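Start at 1 and go down the list; that is how both ligands and their atoms are numbered. The figures here come from the full heavy-atom set of this structure, side chains too, leaving out hydrogens, waters and symmetry mates. Each residue takes its place number in the sequence, starting with 1. Note that the coordinates shown come from a computational prediction; the quantities given were computed from them, not determined experimentally.
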Amino acid sequence: MHGLISLNTFEKKDIGHYLSLSQEMGKNLFSKFNTHGGKIASTLFFEPSTRTNLSFQAAAQRLGMGTLDYSHATSSSKKGESLQDTLKIVANYSDIIIIRHPKEGTAKMASQICDIPVINAGDGANEHPTQALIDLYTIKKELNKLEGLNICLVGDLKYGRTIHSLLRPLALFNAEITLVSPPQLRLEAKMIDSLKSELGAQISYADSIDASHADVIYMTRMQKERFSSQQEAQALRALCQLTAQMLENAKKEMIILHPLPRLGEIPAEIDSSPHAKYFEQAKNGVPVRMAILHDCLTK
Ligand code: NCD
C-alpha cells in the first residue's frame, strides 16, 4: 500500500518526481488528471486545520474524487470508540485516508491497520511531509532551482513539524542552512548530527535573522499548543519576528515563506513586498496535493 508518511527515505529523484508531477497538475487543474472519478478521499483531522484539510479536499475534487470530512467533535469517538476501530471503518468507506493527529506516529499506525493508502497530514511535532513538498515546490517555482541555496529557518524549530520534514530534503540539495530560534526552541541535536553525518549537511546557528545572504527565509509560528506554559510561548514569540527593516539589504530574488497560520511573525505590511511568497505557497497546496493523491492512488 503506497501512502506518504515521512520524507525520511526520500532521495533527490523522489522529490524531483513529485515536483514535476505537481507542475503538471498546476497546468491541468481542470481536466487532464480528472481520472479518479468515483473514488473517495477521507480527511480525518484531530487537530485544527484550514489549509491542509481544505486543499486536500480541493485537490481530491480537482481529480474528480468525492470527499468525506470526518468530524471528531460529532463522531463516535465521543462515545469512546478507539481510534483503531474508527480508522478501520473509515478505510472501508474510502480509497485513501488523510490524517492529522496530535500524537507522533499516528499516521504510521494508521497505515499499518488500513488496507488503503494513508497520507500523513501532521503527526504531533514529528512530521508534515506534504507541507515540505509544497515548500520545495514553491522554492523551485520561484527561484528556478533547489541546489545549493542559502536558507534561513526561523522560529519554533523544536516543535515545528514542517521544519522536521523539510530539513532533510534541503540537506539533500546541499543547502546552506542557518537556524534562528530562541535556545529553548532549538532543533534536537540528534537530528542535526544525523543530517551532518549522513548527508554532510551544512547547518549553523544564528541569534537573529540576517537577510543579506539568504535566498529563502522560512518563518514559523510558536507551536503554543505543544507548550506547557502559554506565558513562555508568548515571551519567546517576540524573539522570532521579521520586520520590514530586516529586509532592506536582502537579495532581490530572496523569498519569504511561512507554512501559516502566522501569529505576528510576519507583519501585514510585508505582504506587499515582492519577497513575500507565503500566500503563493499556500495556493501551491492544491497542485502538490493533487500530485500526491494521484501518485498514491496509481502506484
Ligand atoms: C502547519 C502545521 O499544521 O504544522 N500548518 C499547515 O499545515 N500549513 C504549521 C503550523 O501550524 O504552524
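- Classification of E24 and K27 as a salt-bridged pair holds, one side-chain N sitting under 4.0 Å from a carboxylate O.
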Can you give me every donor-acceptor pair (side chain of residues 85-100, partner residue at least two apart or in another chain, under 3.5 Å) with its distance?
from : atom 1 : to   : atom 2 : distance (Å)
T86  : OG1    : E81  : OE1    : 3.3
T86  : OG1    : S82  : O      : 3.1
N92  : ND2    : K88  : O      : 3.4
S94  : OG     : S42  : OG     : 2.7
S94  : OG     : V90  : O      : 2.5
D95  : OD2    : I40  : N      : 2.7
R100 : NE     : A121 : O      : 2.8
R100 : NH1    : P48  : O      : 2.9
R100 : NH2    : T52  : OG1    : 3.1
R100 : NH2    : A121 : O      : 3.2
R100 : NH2    : H128 : NE2    : 3.2

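- Considering only residues two or more places apart in sequence or on other chains, E147 meets the side chain to side chain donor-acceptor pair (under 3.5 Å) condition with K12, N174.
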Do R161 and E104 pass the salt bridge (charged side-chain N to carboxylate O under 4.0 Å, His left out) test, and can you show the C-alpha distance, the side-chain angles, and the key distance before you say yes or no? CA-CA 10 Å; R161 56 193 171 200; E104 180 170 328; over 6 Å; no
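- Contacts of ligand 1 (protein heavy-atom distance under 4.0 Å) are R51, T52, R100, H128, Q131, R161, T162, R221, Q223, P259, L260, P261.
- Taking the ring centroids of Y18 and Y137, they lie at or beyond the 6.0 Å cut-off.
- Listed by chain and number, the residues in a side chain to side chain donor-acceptor pair (under 3.5 Å) with T138 are N284 (sequence neighbours excluded).
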